[in-house]
Every structure is written in structure tokens, then in C-alpha cells.
Number of protein chains: 2
Amino acid sequence: MQPSDPLREQMIAQYDAMSAQLQQAARYVLEHPEEVALVSMREVARLAGVQPATMTRLAKFLGLPGYDELRAQHAAALRQRGDGFAAKVRQRVDEGSGRGASDTASHMLQGLSAQLAKLCEPDALRQLEGTATRLRSARKVYVLGLRSCHAVAWHFHYVMTLLGERSVHLDGPGGTGGDGLIRATSEDVLLVISIKPYAKDALELAQLAKDKGVGIVSITDSEVSPLVGMSAQTILCPTETDSFFHTLTPALAVSEVLCSLLAEFDRPQTLEALQQADEHLSHLNTYSTAIPRRQ
Amino acid sequence: MQPSDPLREQMIAQYDAMSAQLQQAARYVLEHPEEVALVSMREVARLAGVQPATMTRLAKFLGLPGYDELRAQHAAALRQRGDGFAAKVRQRVDEGSGRGASDTASHMLQGLSAQLAKLCEPDALRQLEGTATRLRSARKVYVLGLRSCHAVAWHFHYVMTLLGERSVHLDGPGGTGGDGLIRATSEDVLLVISIKPYAKDALELAQLAKDKGVGIVSITDSEVSPLVGMSAQTILCPTETDSFFHTLTPALAVSEVLCSLLAEFDRPQTLEALQQADEHLSHLNTYSTAIPRRQ
DNA sequence: ATTTTAATGATTTATTTGTTGCAAACATCT
DNA sequence: AGATGTTTGCAACAAATAAATCATTAAAAT
């Protein structure tokens with residue numbers, strides 16, 4: 001963000017030499033420099049998830065006399081930003097007049113940003129809430145998304161897996177994806193994600209599920225999507241870009257919001273489930289705890 | 001400076017009704033709003049040349065519960081200025097006076113929208129462009145994303161597959177994911193996506209690839225991500241939400257932008273590749289052409 | 001001129017802050 | 001294994017903080 005902030009650079013440079021807790025503290029400071037300037041040390045520590053003492057230790061590790069100096073530097077940086085405001089705008093204009101790639105990228109990102117903002121409209125929120133409610137009451141949640149929608153389906157399933165064991169992902173090698181539905185009942189719900197062009201297999205599987213009495217909810221792209229007719233709840237999200245492809249970013253955002261709503265519904269249970277997942281994964285040594293040597 | 005700061009306007013409006021000391025305090029606050037946010041009340045009082053108690057009285061005079069609220073408001077204003085681009089979007093956040101789920105959803109979506117807007121800043125655009133350039137010149141592009149990042153990796157790979165045959169997805173059943181690298185050379189590039197907590201396997205595979213001379217580019221979440229050190233190009237994207245989970249929406253957006261930039265680079269070839277894909281898929285009868293019967 | 005009212009200054013009080021010392025837990029290396 | 005050095009969490013501390021209280025002063029009204 002500020003390439004010319006010496007303290008920042010020092011933290012990045014010395015990051016590898018820090019202990020785990022120090023790294024966690026440093027990471028938060030790097031990512032939330034304003035907070036360091038604006039709130040108390042204990043509060044920063046709380047937000048960073050470390051002991052208050054660790055913040056002091058971080059300051060000393062960086063060669064500063066104490067935490068106050070750390071805050072002072074961040075405060076100074078924040079003060080300067082008021083002045084440097086004009087410079088930033090100028091920089092943007094310079095570049096904005098420009099050529100090619102950055103322009104395309106910026107335009108596309110702004111479009112996506114606007115699409116997400118649009119999802120905040122009352123209609124969309126109602127759909128989200130309705131769908132979350134329906135999913136909440138399900139015994140099992142089957143998740144189906146083929147081809148381009150695989151990414152969204154899988155991610156939803158992945159998060160739901162961390163949360164409990166109600167989720168079944170309808171996908172598998174050798175075309176066995178549909179087998180998950182063998183014992184599906186009317187107590188279950190199928191979340192199907194599909195956008196134009198709609199994959200035939202997805203529609204057929206959804207129809208099959210519906211015939212078995214499974215409740216259908218869907219994330220799709222249009223009022224006239226084939227999914228709308230067979231779904232008890234539908235969330236519509238935009239997919240258009242000015243590029244060649246349809247975007248799945250709004251759909252992924254929607255699925256993440258659904259996960260959050262479901263998680264938020266029963267916080268204690270969610271926390272317990274997440275802790276279980278943590279333990280399991282740490283036993284499996286899945287994640288890199290210490291940062292490996294840099295090259 | 002801030003025409004839409006209600007507290008500011010209130011102070012100006014009520015200025016005449018204040019006592020001499022209160023006016024002096026208010027004047028300083030109006031002229032040095034950053035200081036109010038950044039230093040203690042007593043210090044502000046000293047700088048303003050009034051008694052500490054006067055600052056408390058000023059806050060109460062303005063109808064606030066106490067000085068803390070005065071500082072909180074100035075801090076919030078300062079925070080927003082930092083976000084710059086996203087500020088516009090952020091303004092609406094507090095409007096939701098609401099209850100429950102819709103509120104959570106709306107808040108989260110607005111946050112995501114702001115994060116995408118932030119990616120339009122010059123720094124991020126530079127990273128995007130640099131990475132796209134690096135990917136463009138690669139003979140083959142290997143794509144690696146494990147666990148939560150699988151969704152992004154797979155989607156990138158999927159789109160790249162429609163575009164040509166340069167993409168290899170490093171994933172597979174039975175832990176065979178790394179096998180794709182067997183014939184990787186220094187002409188190739190590995191795109192690795194990983195966010196905290198970083199999957200050990202992903203880091204190890206990336207390191208292996210690097211040792212083979214493969215160029216590394218990455219999408220990750222922090223300056224101090226272990227990927228930064230081993231990558232020729234890195235795109236940083238935010239992952240924080242106020243929910244339990246990290247979001248992958250910005251990462252997906254970034255990957256879609258990368259795809260677009262690559263596609264845009266050679267439009268004729270892209271169009272041809274897409275037409276081929278269309279033909280292939282229509283021969284396979286993959287997509288539902290007619291909208292099936294509604295129920 | 002005297003009372004009343006508001007404003008300002010000084011003092012006190014209960015919190016909160018940043019720091020430090022110490023013991024348990026941890027990893028590391030013979 | 002056992003010993004050693006580091007890292008980490010906890011609790012106690014002194015300093016500083018914001019607010020509440022009381023005393024004094026200045027101005028306004030009678």
C-alpha cells in the first residue's frame with residue numbers, strides 16, 4: 001500500500017525471524033495499519049488474537065523503545081495520507097488515461113463490485129434469507145454444480161463440511177456424482193447452481209431429486225432459468241461481464257453469504273464444529289504452521 | 001473537506017451558541033480533526049489551549065454521551081478516507097437499521113463489493129498486469145490450489161481449458177496431483193493460489209516446481225505470505241469478512257480478471273478456441289438447448 | 001448592590017492503559 | 001531421555017486517562 005513506509009518494510013523483512021505469536025501480531029498490524037493508530041494496544045491485541053504483551057514485544061523486536069512508538073509511526077502515516085490525497089488522485093488520472101490491460105482489469109473489477117452491491121437490494125436479500133431458512137431446516141444438503149458452477153458448488157460444500165456433516169457434494173469420478181442421491185428423502189434439500197448455458201446433467205439430476213420429493217433451492221442467473229420452475233427458492237445473481245466469459249464471482253459471493261447465514265444461526269454449535277475441524281486438521285498436519293524458509 | 005460530516009455541520013451550526021472556552025475547543029477540533037482521532041483527550045485539550053474538562057463538556061454539548069464518542073466519530077472518518085475508492089460504497093453500510101439475516105447478508109455483500117473496488121487501486125492493477133504478462137509467455141500453465149482454494153484454481157483452469165490447451169490442473173485422486181509437474185520445465189509457469197492457513201502440500205509442491213526452474217506466480221492474501229518469497233509475481237487480495245470464514249470471492253474475481261486479460265490479448269485466437277469448444281460441447285450434447293418443461 | 005445563573009478551573013475517582021516479571025509449555029540439541 | 005534456551009500466557013503494577021464532583025469566578029437579572 002505504502003511502499004515507502006520503512007517500518008512496514010522492516011516488518012516484512014524480519015517477518016520470518018519472528019515467533020508464531022509475533023507473526024500473528026505483525027500480520028494484523030500490516031493488514032490494519034489504521035487500527036494501530038486509532039485504537040488502544042489492548043484492543044489491537046484483541047483484534048489480532050494475541051496477548052497484549054505480544055504487541056509490546058513486537059515493538060521491541062522491531063527495535064522500538066515501546067509500543068507507543070509503533071503507534072506514533074502509524075499515526076504519522078495516517079496524518080500524511082490526508083495531504084497525499086491529491087497525489088493519489090493524480091496518479092490515478094495519469095494511469096487512467098492509459099492503455100490496455102490495467103484499464104480492462106479495472107473496468108471489470110468495478111463492474112463486479114457494482115454487481116455485488118446490487119445484490120444488497122431488498123429483493124435479493126429476501127431471496128437469500130428465504131433460501132438460508134430452507135437450507136437450515138434440511139436434514140441433509142446436497143450440492144450440485146457442474147462445469148463452470150463446480151467451483152461454487154464445491155466451495156459451498158467445503159465450507160459446510162467444516163461446519164458439520166450435513167452436506168453431500170454430488171460429484172465424483174466416473175460419472176458417479178448422482179449416486180449421492182440414492183438415499184435422499186423429502187427431508188433433504190438440494191442446492192443446485194447453474195448458469196447459462198445450463199448443463200443438461202445438472203437439470204436432469206435436479207429433476208430426479210425433485211421427483212423423489214427432495215426440496216430444491218437454486219442459485220441461477222435469470223428469471224427464465226429452467227431452475228426457477230422447479231425450485232422452492234431461487235437466488236438470482238448477475239453473470240455478465242464485458243469479457244468473453246460469464247462471471248461466477250457474484251454466485252460465489254452468494255454462496256459464501258449463505259454459509260455465513262447458516263453459521264450465524266447457531267453460533268455455539270458453529271464454533272464447536274470449527275474447533276473440531278481445527279483439531280482434526282492440525283493432527284493431520286495439513287497446514288504449514290511455521291513459515292518455511294524463504295529463498 | 002467533508003461536506004457530508006454531520007457532526008462537523010452540527011458544530012458549525014451551534015458554534016454561536018457556545019461559551020468562549022467551548023468555542024475555542026470546537027475551533028481546534030474543526031481545524032484538526034485528525035488529532036482528535038489520534039491523540040488523547042488531554043493532549044487535544046492542551047493543543048487547543050483549554051482545560052481537559054472542556055473537551056468533555058464540548059462532547060456533551062453536542063448531545064454525545066461522552067468524549068469517547070467524539071473521538072470515535074473522527075476515527076471513523078479517518079478510517080474511511082484510507083479506503084479512498086471504497087469509501088463511496090462504504091457510506092451506505094450503516095443505513096441498514098435492520099434485524100437479523102438480511103442485515104448480515106447485506107453487510108457482508110457490501111464489504112465484498114468494497115474489497116473488489118479496492119482491487120482497482122494502482123498497486124493491485126500493476127500486480128494483475130504483471131502476472132498476466134508472465135502467464136502469457138508461458139508454454140504451459142500449471143494451476144495449484146488446495147482445500148479452500150481449490151474452487152479458484154479449478155475455475156481458472158476450467159476457463160483456460162476453454163481457451164486453449166496450455167493449462168494443467170495440479171489435482172487428482174489418490175494424491176496424484178503433483179504428477180502433472182513431472183515434465184515441467186523452466187518455460188512453464190505455476191499459478192499457485194493459497195490463503196491463510198496455507199496448506200502444507202501446496203507450499204511444498206510450489207517449492208518443488210521452483211526447484212525445477214518453473215516460474216511461480218501466486219494469488220495470496222498478504223505481504224508476508226510464504227508464497228511471496230518464492231514468486232516472481234504476486235497478486236494480493238483481501239480475504240477478511242466479519243463472518244467466521246475467509247472469503248474467496250476477491251480471489252475468484254482476480255482469477256477471472258486474469259483469464260480475461262489473457263483472452264483479450266489475442267482476440268482472434270480466443271474466438272476460434274471458444275468456437276471449437278462450443279462445437280465440441282454441442283456434439284456431446286452437454287447443455288440443455290430447449291428449456292425443459294416447467295413444473 | 002445583591003442575588004442568581006452560568007461558566008470555568010481544580011480536585012478526585014474509577015478505569016483503562018502499556019509494561020514488566022515470572023512460571024508453564026514448548027521446541028531443540030546433545 | 002534429559003538439559004537448555006526460547007516462546008508464550010498470566011497477573012500484577014504504576015502511569016495515564018476520561019468523567020464526575022466540587023469550588024471559584026464572572027456575568028446577568030432583579
Side-chain angles (χ1 to χ4, degrees), chain A residues 7 11 14-29 32-76 275 278-279 282-283 285 287-293, chain B residues 7 11 14-29 32 35-76 197 200 224:
Chain A
L7 192 58
M11 287 178 75
Q14 296 194 264
Y15 187 81
D16 293 334
M18 296 179 192
S19 71
Q21 291 292 298
L22 244 41
Q23 285 188 342
Q24 195 172 333
R27 193 186 175 95
Y28 182 87
V29 172
H32 303 90
E34 338 81 41
E35 297 305 311
V36 176
L38 292 172
V39 309
S40 75
M41 182 195 82
R42 291 175 114 93
E43 185 70 2
V44 173
R46 204 183 55 77
L47 291 168
V50 301
Q51 292 277 339
T54 306
M55 300 309 298
T56 301
R57 288 166 181 155
L58 174 64
K60 304 235 158 167
F61 180 89
L62 294 170
L64 304 173
Y67 180 82
D68 274 326
E69 186 57 29
L70 190 74
R71 167 161 53 206
Q73 298 231 15
H74 281 85
Q275 193 176 340
D278 264 0
E279 275 175 33
S282 80
H283 279 106
N285 203 13
Y287 295 120
S288 130
T289 49
I291 304 283
R293 70 207 148 92
Chain B
L7 194 57
M11 287 178 75
Q14 297 193 270
Y15 188 79
D16 293 332
M18 295 179 192
S19 71
Q21 292 292 299
L22 244 41
Q23 285 189 344
Q24 194 173 333
R27 191 185 182 92
Y28 182 85
V29 171
H32 305 273
E35 299 305 312
V36 177
L38 292 172
V39 309
S40 77
M41 183 195 82
R42 303 174 94 88
E43 189 69 6
V44 174
R46 203 183 55 76
L47 292 167
V50 300
Q51 292 274 340
T54 306
M55 300 309 298
T56 302
R57 286 168 181 150
L58 174 63
K60 302 233 157 170
F61 179 87
L62 294 170
L64 304 174
Y67 181 81
D68 270 329
E69 186 58 29
L70 189 75
R71 167 162 50 206
Q73 299 229 13
H74 282 84
K200 226 175 97 189
V224 294

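Please read all numbers here as calculations on a predicted model, not as lab measurements. Per chain, numbering begins at 1; letters A, B, ... match sequence-line order.
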Item checked: Earlier contact from the 5' end, DNA chain C, for A/G66 and B/M18 ->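 Nearer the 5' end of the strand: B/M18.
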
Note to self: Can you give me the closest heavy-atom contact between A/V36 and A/V44, atom names plus distance?
What the structure shows: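 Where A/V36 meets A/V44 most closely, the heavy atoms are CA-CG2, 4.1 Å.
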
Notebook entry, point to check: Under the side-chain hydrogen bond (donor to acceptor under 3.5 Å, both in side chains) test, which residues partner B/H74, sequence neighbours left out?
Noted result: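 Partners of B/H74 under the side-chain hydrogen bond (donor to acceptor under 3.5 Å, both in side chains) test: none.
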
Checklist line | Stepwise side-chain contact (heavy atoms from CB on, under 4.5 Å) check, B/R27 with B/Q24 | finding: CA-CA 5 Å; B/R27 191 185 182 92; B/Q24 194 173 333; 5.7 Å; no

Next item on the list: Take A/Q23 and B/V224 through the test side-chain contact (heavy atoms from CB on, under 4.5 Å) and record every step on the way to the result.
Entry: CA-CA 9 Å; A/Q23 285 188 342; B/V224 294; over 6 Å; no

Margin query: Checking A/D68 now: which residues fulfil salt bridge (charged side-chain N to carboxylate O under 4.0 Å, His left out) with it, not counting sequence neighbours?
Written below: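 A/R71.
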
Next item on the list: Calculate, to the nearest 0.5 Å, the distance between atoms CZ and CE belonging to B/F61 and B/M18 respectively.
Entry: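 Reported value, rounded in 0.5 Å steps: 5.0 Å.
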
Sequence neighbours left out, cut at 3.5 Å: what donor-acceptor pairs do the side chains of residues 45-60 of chain B make with other protein atoms?
residue	atom	partner	partner atom	Å
B/R46	NH2	B/E43	OE2	2.9
B/T54	OG1	B/Q51	O	3.3

Checklist line | Outermost nucleotides of DNA chain C that come under 4.0 Å of a non-hydrogen atom of chain B | finding: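 Here the contact window of chain B covers C/dA7 to C/dA10.
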
Next item on the list: Within residues 38-65 of chain A, find the residues that approach DNA chain D with a heavy atom at under 4.0 Å, and present them sorted by residue number.
Entry: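 Going residue by residue through residues 38-65 of chain A, the ones with a heavy atom under 4.0 Å of DNA chain D turn out to be A/Q51, A/A53, A/R57.
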
Next item on the list: On DNA chain D, reading 5' to 3', which nucleotide is the first and which the last to sit with an atom under 4.0 Å from a heavy atom of chain A, could you check?
Entry: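 Footprint of chain A along DNA chain D, 5' to 3': D/dT7 to D/dC10.
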
